[in-house]
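As the structure is a prediction and not an experimental result, all values here were calculated from the model. Any value given below was found using the heavy atoms of this structure, including those in side chains, with hydrogens, waters and symmetry copies removed.
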Amino acid sequence: MNPHDRKQQNLETIYRALLELMMAKPLATISITELCQRAHVSRTYFYRHYQNFDQIITAYQTQNMLHYLRRLPRTDQVTLPELMTHYFEHTKAEAETYQLLIKNNKLDVLVQTFQTVFKLLIKQDRIGGHGPNITNPYYLLFFSGGVINIAANWVSNGCVESPQYLGQMIAHFALSPSN
């Protein structure tokens with residue numbers, strides 16, 4: 001196994017161990033020793049790669065969102081409704097994890113990873129048919145927070161609406177002309 005693959009495997013292992021522990025108790029009560037024992041990694045490994053649990057969650061969620069990007073349609077640009085539909089399909093598949101992160105007050109990590117990926121899509125000019133505000137940094141904050149809050153509410157309520165419905169709704173909100 002090459003070093004990159006080993007690093008990815010270790011990240012997944014320690015992240016999954018953290019999720020297992022979070023299923024049993026709040027994140028604030030989990031010790032680094034417990035996590036290292038559950039993940040079968042040394043404390044030295046932990047401290048060499050991470051300073052806290054948030055870094056593990058952020059690193060894994062960023063990788064997870066990059067995998068989401070790779071599953072987007074292979075076109076130069078993706079419309080905002082398509083992009084959001086794919087995002088909510090991805091969120092539905094990860095609903096149990098989202099619920100754990102929400103329960104442990106980690107919405108900020110989800111917002112941060114969403115912003116990172118959305119910035120990348122903007123930089124690559126992959127979002128077609130978007131409004132003029134897309135490059136405004138405050139719009140990015142507004143949009144990311146809105147999408148993640150809707151996703152959190154949706155997951156908490158059992159993913160009742162379809163990802164397509166939510167994708168259309170988000171696009172409608174984002175692309176509606178201001179009054």
Side-chain angles (χ1 to χ4, degrees), residues 8 11 15 18-19 22 26-28 49-179:
Q8 292 304 317
L11 173 59
Y15 180 76
L18 184 58
L19 290 180
M22 286 168 59
L27 181 63
H49 294 91
Y50 310 104
Q51 293 177 353
N52 55 49
F53 296 149
D54 281 2
Q55 288 183 339
I56 295 168
I57 297 167
T58 299
Y60 184 85
Q61 285 298 319
T62 300
Q63 288 300 314
N64 194 19
M65 289 298 290
L66 292 173
H67 288 291
Y68 149 76
L69 284 181
R70 289 186 200 113
R71 291 189 305 268
L72 289 176
R74 302 249 180 234
T75 59
D76 286 342
Q77 292 192 328
V78 180
T79 66
L80 192 56
E82 285 178 298
L83 182 67
M84 290 295 93
T85 296
H86 286 287
Y87 174 75
F88 283 102
E89 287 170 348
H90 174 78
T91 300
K92 188 173 185 176
E94 298 281 326
E96 186 176 339
T97 299
Y98 270 61
Q99 287 173 336
L100 275 176
L101 294 174
I102 292 163
K103 179 179 162 187
N104 285 280
N105 300 314
K106 294 299 166 194
L107 275 181
D108 58 327
V109 173
L110 296 174
V111 171
Q112 180 184 354
T113 55
F114 185 91
Q115 285 175 354
T116 300
V117 171
F118 203 72
K119 280 182 197 176
L120 180 63
L121 288 170
I122 291 168
K123 183 178 178 180
Q124 295 174 347
D125 195 29
R126 292 271 330 267
I127 305 171
H130 56 74
N133 290 326
I134 200 162
T135 56
N136 182 320
Y138 289 110
Y139 180 78
L140 177 64
L141 295 171
F142 169 79
F143 185 75
S144 300
V147 170
I148 296 302
N149 277 309
I150 289 171
N153 187 284
W154 182 61
V155 165
S156 295
N157 290 323
C159 303
V160 175
E161 299 87 357
S162 72
Q164 295 78 13
Y165 172 79
L166 290 173
Q168 291 292 327
M169 182 183 66
I170 296 286
H172 175 75
F173 290 159
L175 300 175
S176 292
S178 56
N179 295 330

Enquirer: Is H90 close to N64 at the side-chain level, that is, under 4.5 Å between some pair of heavy atoms?
Expert: yes
Enquirer: Once the angle between the rings of F143 and Y139 is folded into 0 to 90°, is it parallel (under 30°), tilted (30 to 60°) or perpendicular (over 60°)?
Expert: parallel
Enquirer: Once rounded to the nearest 0.5 Å, what's the spacing between atom CG of L101 and atom CG of L107?
Expert: 8.5 Å
Enquirer: Atom CG of L19 and atom CD1 of I57: how far apart are they, to the nearest 0.5 Å?
Expert: 7.5 Å
Enquirer: Does the side chain of F173 reach to within under 4.5 Å of the side chain of V147, using non-hydrogen atoms?
Expert: no
Enquirer: Taking all non-hydrogen atoms of both residues, which atom of G167 and which atom of M84 are closest, and how far apart?
Expert: CA-CB, 3.5 Å
Enquirer: If we only count heavy atoms from C-beta on, is the F142 to N136 side-chain gap below 4.5 Å?
Expert: no
Enquirer: Applying side chain to side chain contact (heavy atoms under 4.5 Å, CB included), run through L66 and L120 and close with a yes or a no.
Expert: CA-CA 10 Å; L66 292 173; L120 180 63; 4.0 Å; yes
Enquirer: What's the shortest heavy-atom distance between S156 and I102, and which atoms?
Expert: OG-CD1, 4.1 Å
Enquirer: For the residue pair A174 and L80, what are the closest heavy atoms and their distance?
Expert: CB-CD2, 3.7 Å
Enquirer: Of the non-hydrogen atoms in D54 and N52, which two are nearest, and what is the gap between them?
Expert: N-OD1, 3.1 Å
Enquirer: Could you tell me the separation between the OH atom of Y87 and the CG atom of L72, rounded to the nearest 0.5 Å?
Expert: 13.0 Å
Enquirer: Write down the atom of V160, the atom of W154, and the distance for their closest heavy-atom approach.
Expert: N-NE1, 3.7 Å
Enquirer: Nearest 0.5 angstrom please: K119 NZ to S144 OG, how far?
Expert: 8.5 Å
Enquirer: Roughly how far apart are Q115 CD and M65 CE, rounded to 0.5 Å?
Expert: 11.0 Å
Enquirer: Show the numbers, then the answer: is there a side chain to side chain contact (heavy atoms under 4.5 Å, CB included) between T97 and Y15?
Expert: CA-CA 11 Å; T97 299; Y15 180 76; 3.1 Å; yes
